[in-house]
Every structure is written in C-alpha cells, then in structure tokens.
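Right, one structure below, let's go through it.
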Amino acid sequence: MTQEHQGRGRGWSAARKGVWSRLRFTSLRLRLVVVFGLVALTAAVSASGIAYWLNRESVLTRTQDAVLRAFEQEMQNRAGALPEHPTQDELQRTAGQMANSSQRFTVLLVAENPEGQTVYGSSGGLNSFSLGDVPESLREAVSERQKITSNNKYPYHLYWQRIVEDDTPYLVAGTELIGGGTTGYMLKSLEPEAKDLGSLAWSLGIATGLALIGSALLAHAAATTVLKPVQRLGTAARRLGEGKLDTRLRVSGTDELADLSRTFNKAAEALEKRVADMAARDEASRRFVADMSHELRTPLTAITAVTEVLEEELEFEGGGIDPMIQPAVRLVVSETRRLNDLVENLMEVTRFDAGTARLVLDDVDVADQITACIDARAWLDAVELDAARGIHARIDPRRLDVILANLIGNALKHGGSPVRVSVREEPGDAGDASGGSVVIRVRDHGPGIPEEVLPHVFDRFYKASASRPRSEGSGLGLSIALENAHIHGGEITAANSPEGGAVFTLRLPRDVSAAESGEKSGDAGDEGAEGDA
C-alpha cells in the first residue's frame with residue numbers, strides 16, 4: 001500500500017471517529033431535535049387530518065346535495081309526466097332528458113308497460129347503467145312502502161349510497177314516484193371530487209413535511225443556542241480537570257446559564273486559590289522536612305561517632321563504663337542508630353516528593369545483587385535464595401538494594417524464618433521495548449498479614465499494631481521501597497500465600513531506559529494521531 005493510500009485510510013478513519021464523537025457529544029442536541037420533530041409531526045398530522053376530513057365532508061356533501069336535488073327535481077318534472085304504464089321508448093326518451101340536467105348524471109328508469117312487462121330506460125344505453133349496478137340494499141329501501149304517519153307524509157323516499165367500482169367512487173340514488181308507476185335510479189361519478197381531495201391530501205402532506213423540516217431546523221437552532229454555553233461549560237470543566245486552574249468562562253446575559261457560568265468561575269477561582277494554598281503549604285512542609293533532616297545530619301554525625309565509641313567500650317572487656325549505666329548506654333546507641341535511619345529515610349522521601357530522585361542505571365546480575373544484599377546484612381543463615389545466575393537487568397543497583405533490604409528485613413522482622421527469595425523472568429509483549437520483566441518474590445513463614453492491614457502496608461508511618469507505636473522501624477521502609485520500584489517503572493504487591501505467610505512481589509522491567517524511551521515515543525505517537533484526527 002502506498003503512502004498516499006495509507007494517508008487516505010487514516011483520513012477516513014479520523015473523519016469517521018470525528019463523526020461518531022460529534023454524535024456522542026451532541027446526544028442531547030439530537031434528543032431535542034427528535035422531540036421538536038415529534039411534536040411538530042403530531043401537530044401537523046393532526047391539523048392536516050382534521051383539515052382533510054372537514055374539506056372532504058364539505059366537498060362530498062355539497063356535490064351530493066346538488067346532485068340529489070337535481071335528480072329529485074327531474075323525477076318530479078320529467079318522470080312525473082309519464083303515464084302510469086309507459087312504453088320503453090317513453091322511458092328511454094325521458095331518461096335521456098333527465099340526464100341532460102346541469103349535474104350530468106346517468107339515469108335508469110324502471111316501470112311496467114301496458115302489457116304488464118317490466119321495461120327499462122337508460123340515458124346511456126341499456127348496457128351502460130343497469131339495475132345490477134344498484135346495490136340490493138338500496139333497491140329494497142327504494143321499493144319499500146312506508147306507512148303514512150304524522151311525521152311521515154310520503155310512502156316513498158329518496159335514498160342514496162356511495163360505492164366504489166374499479167377504484168372510482170360513485171354516488172347511487174333511487175326513488176319511486178309517489179303516485180306509483182315509475183322507479184328512477186341515478187349514477188353520478190365522484191372522480192373529479194376524488195381528484196380534488198387527492199390534490200388536497202398531497203398539499204397537506206407536503207405542508208406536513210415542510211413543517212417537520214422547519215421544526216427540525218428550528219430545534220437545531222434552539223438547541224445550538226441553548227447547548228453552546230453548556231458545551232463551553234463542559235470544555236472548561238475538562239480543562240479544569242486537566243489541571244488548568246486558570247480556566248474561566250466569558251459571562252454574558254442575565255439568564256440561568258449566565259448564573260451557572262458565574263458560579264463556575266467562582267468555584268474555579270476558589271479551587272485555584274485552595275490548590276495554590278495547599279501547594280504552598282505542601283512545598284513549605286517538604287522544605288521544612290528537608291531542612292530539618294539536613295540540619296539534623298551534622299549533630300547526628302557527631303552523636304553517631306560518640307555512640308560508636310561507647311559501643312566499642314561496651315564490647316571491650318574490662319572497659320571503663322560502669323555496669324549500672326550500661327543499659328542506658330545501649331539504649332542511647334540503639335536509639336541514635338534508629339534516629340539516624342529515620343533522618344536518612346526522611347531525606348529519601350523528600351527527594352521522591354520533590355521529584356529530584358534520579359536513577360543511576362547499570363547492568364547487574366540480579367542473583368549476585370540479591371546475594372550481596374543478604375551477605376552485607378548477615379542474613380545468609382535466615383534466607384533461602386532461589387535465583388539462577390545469568391538473569392541480567394539494567395537498573396539502579398543502589399535502589400534495588402534498598403528495595404531488597406526493606407522487603408527481606410520486613411519479612412525477617414515481622415514474618416517467620418526461613419525467608420525464601422525467588423527470581424524468575426517474564427517475557428514481554430510484542431510492543432514491549434524493555435524486553436520483559438524480572439519478578440522477585442519474598443515469602444516468609446509467619447502468620448501472614450491481616451486482611452484489614454493489606455491495603456495500608458505501603459502507607460507512610462503505618463504500623464499494624466497501634467498499641468506498639470515505638471518499634472525498631474519508622475514505618476517508612478515499605479513506602480520507600482514502593483517509590484523506588486515506581487521510579488524504575490515497576491510495582492510491588494503484597495498478599496498472603498495459601499500455604500501461610502506473606503508474599504511480597506517485586507516486578508521491574510529488565511531495561512528501564514528502553515521502557516522509558518518507549519513510553520515517550522508512544523506518547524508522541526498518540527499526540528500525532530490526535531493532530532491527524
């Protein structure tokens with residue numbers, strides 16, 4: 001694939017992601033448009049339906065009444081002039097005359113001739129409009145003689161019915177002369193009225209569609225007007241969440257959205273001030289700890305030298321220290337050593353907090369490094385090492401020694417012997433630039449760590465037993481070990497082994513420098529992809 005095709009593929013992918021992103025971020029806009037559209041559609045369809053129904057009834061009723069009046073008048077004038085028993089020629093001639101009225105309907109006349117036979121006369125010929133075209137129910141109603149009452153003065157009435165044949169609507173009507181003799185039927189096509197109503201329906205449908213489109217555009221404009229300040233507020237909130245505390249909204253107007261913008265600006269200003277105050281206090285606290293630790297080192301150096309002399313005197317048989325004060329001297333020596341370790345730990349923590357801790361990388365054999373750490377602290381008899389030589393890693397030897405000393409020392413102090421240290425390699429993924437990881441597990445055979453203590457073992461100054469605030473440790477060892485693992489890009493986890501005892505797992509990349517460079521290149525690639533999109 002050429003670079004041009006690859007560029008087009010990336011452009012299409014970015015455009016598609018942009019569309020989906022806009023759809024996702026404008027879901028409220030879409031809902032407003034849909035709601036406006038449904039309301040407009042309901043209103044337009046209701047109005048159009050009512051208008052169509054009213055116009056339909058008006059058109060059909062007007063046409064129907066005019067046709068029926070004309071037919072009734074023709075029956076009275078033309079058919080009423082026929083003899084009681086007309087001939088077929090007379091019926092045919094009369095039907096033609098009746099059909100020539102202004103309404104132009106088709107007429108069928110039925111009567112008995114002088115010989116007693118039923119004869120028919122149709123204005124359009126006998127085959128154009130016959131008695132079979134008249135619904136049976138209408139024929140029965142026309143021929144039925146009504147009883148004469150005070151409310152009903154005539155025995156026969158005019159009846160009508162609408163029918164549809166071959167998709168064409170028709171009006172059929174019939175009546176019998178009051179004096180008897182001739183029965184007349186009329187057929188009138190309502191196709192012109194149907195076409196007019198069809199045109200009206202199309203017009204109302206087009207009007208409904210235009211109303212729907214107009215409502216959608218109006219909803220879009222209204223949503224844009226309403227949601228634009230909300231979008232600005234969302235963008236400002238995201239910037240505020242990213243740490244840009246100087247973000248403010250431009251306030252215009254006096255509506256609810258303007259009040260919301262003012263509230264946001266006040267909250268952002270208060271948050272910026274609060275964070276600035278906290279940062280200043282935190283910086284002052286770190287500076288105080290650093291200065292205090294630094295200032296303590298000078299007198300501690302002199303005190304340490306004195307305590308070393310005292311310790312040598314204690315170990316020298318026949319020394320000049322009174323046996324009565326030897327316990328006090330031993331307490332001073334141990335507490336001085338503990339204070340010295342505490343000051344060193346505080347200075348290390350201060351460097352981590354200030355971000356000034358740096359790695360001095362070197363290629364080391366992990367097994368040799370662990371052996372050196374154990375040997376330097378005379379732990380060879382209490383620690384079992386399961387590590388094959390030849391597992392190399394590019395890490396900071398001093399910081400690894402600090403991690404191992406804290407983990408193994410913690411296991412010996414709070415767990416139970418023997419403490420087992422094992423090392424294994426983990427291969428990396430296809431895109432892992434560090435070449436895999438080195439996993440070091442430190443397991444003791446003690447009672448394990450209580451479940452409520454596990455989440456806090458790496459907290460600073462945390463001690464599992466609140467009733468023993470004074471102990472050999474300062475509560476900073478595991479937290480310093482974790483910080484040293486983090487600066488390598490690694491991690492330390494604590495758990496309880498199913499066979500008993502606690503297990504601390506240290507996972508470090510085999511090449512810290514390669515892992516850091518891979519992360520930087522990956523960040524640059526992400527930024528480039530975002531720019532293309």
Side-chain angles (χ1 to χ4, degrees), residues 293 297 300 304 333-352 357-362 364-387 389 391 393-424 438-446 449 457-464 471-495 501-508 512:
S293 302
R297 293 189 71 179
L300 271 177
T304 302
V333 170
S334 62
E335 289 299 313
T336 301
R337 185 179 293 113
R338 180 172 177 269
L339 180 60
N340 192 52
D341 292 340
L342 177 60
V343 170
E344 292 295 332
N345 289 338
L346 285 175
M347 294 189 67
E348 187 73 5
V349 168
T350 303
R351 282 191 289 269
F352 281 122
R358 295 292 180 266
L359 294 174
V360 181
L361 301 178
D362 192 9
V364 299
D365 188 305
V366 178
D368 290 343
Q369 187 71 21
I370 298 175
T371 303
C373 174
I374 297 173
D375 186 33
R377 292 162 179 82
W379 290 340
L380 288 175
D381 295 336
V383 178
E384 296 179 357
L385 180 59
D386 179 15
R389 297 185 181 277
I391 302 177
R394 183 169 177 77
I395 54 180
D396 188 329
R398 185 187 70 82
R399 295 189 183 276
L400 178 60
D401 182 78
V402 171
I403 298 174
L404 294 172
N406 278 291
L407 295 181
I408 298 174
N410 185 75
L412 290 172
K413 187 185 304 180
H414 302 289
S417 297
V419 172
R420 183 178 179 84
V421 181
S422 60
V423 181
R424 65 180 176 86
V438 175
V439 179
I440 303 174
R441 284 190 172 89
V442 179
R443 178 193 169 193
D444 61 50
H445 288 75
I449 305 174
V457 292
F458 296 106
D459 293 350
R460 294 176 180 176
F461 298 106
Y462 182 81
K463 296 182 180 180
S471 63
E472 264 188 66
S474 63
L476 291 174
L478 289 179
S479 64
I480 291 175
L482 182 63
E483 293 290 348
N484 278 298
H486 285 169
I487 199 174
H488 279 88
E491 186 61 58
I492 303 178
T493 57
V503 179
F504 286 84
T505 303
L506 168 66
R507 182 176 280 101
L508 297 176
V512 176

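When every heavy atom of Asp396 is checked against every heavy atom of Leu361, the shortest pair comes out as N-CD2, 3.8 Å. Of all the heavy atoms in Asp362 and Pro397, the pair that sits closest is CB-CG, 3.9 Å. Heavy-atom minimum distance, Val439 versus Arg441: CG1-NH1, 3.9 Å. The two residues Ile492 and Ala481 have their closest heavy-atom pair at CD1-O, 3.5 Å. Cys373 and Leu404 get closest at one heavy-atom pair: SG-CB, 3.8 Å.
Distance CD1/Ile395 to CD1/Ile403: 7.5 Å, rounded to 0.5 Å. How far OG1 of Thr505 is from CZ of Arg443: 11.5 Å, rounded to the nearest 0.5 Å. Taking CG from Leu385 and CG from Asp375, the interatomic distance works out to 11.5 Å, rounded to the nearest 0.5 Å. Taking CZ of Arg399 as the start and CD1 of Ile487 as the end, the distance is 4.5 Å to the nearest 0.5 Å. How far OG1 of Thr371 is from CG of Leu380: 8.0 Å, rounded to the nearest 0.5 Å. With rounding to the nearest 0.5 Å, the separation of CG in Asp381 from CD1 in Ile374 is 11.0 Å.
Within the 4.5 Å cutoff, the side chain of Leu482 has heavy atoms near those of the Glu491 side chain. For the pair Leu478/Leu407, a side-chain contact is recorded, criterion being any heavy-atom separation below 4.5 Å from C-beta on.
Checked against Phe504 for a side chain to side chain contact (heavy atoms under 4.5 Å, CB included), the options Thr493, Val421, Ile449 give a single hit: Ile449.
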Leu400/Leu508 under side chain to side chain contact (heavy atoms under 4.5 Å, CB included): CA gap, chis, key distance, verdict = CA-CA 10 Å; Leu400 178 60; Leu508 297 176; 4.0 Å; yes

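Between Arg377 and Asp401 there is a salt bridge, since a side-chain N of the basic residue sits under 4.0 Å from a carboxylate O of the acidic one. Note on Arg420 versus Glu384: salt bridge recorded, some NZ/NE/NH1/NH2 to OD/OE distance being below 4.0 Å.
Judged by distance alone, the side chain of Asn410 and the main-chain N or O of Asn406 form no donor-acceptor pair under 3.5 Å. Without hydrogens or angle criteria, His445 side chain to Gly501 main chain gives no donor-acceptor distance under 3.5 Å.
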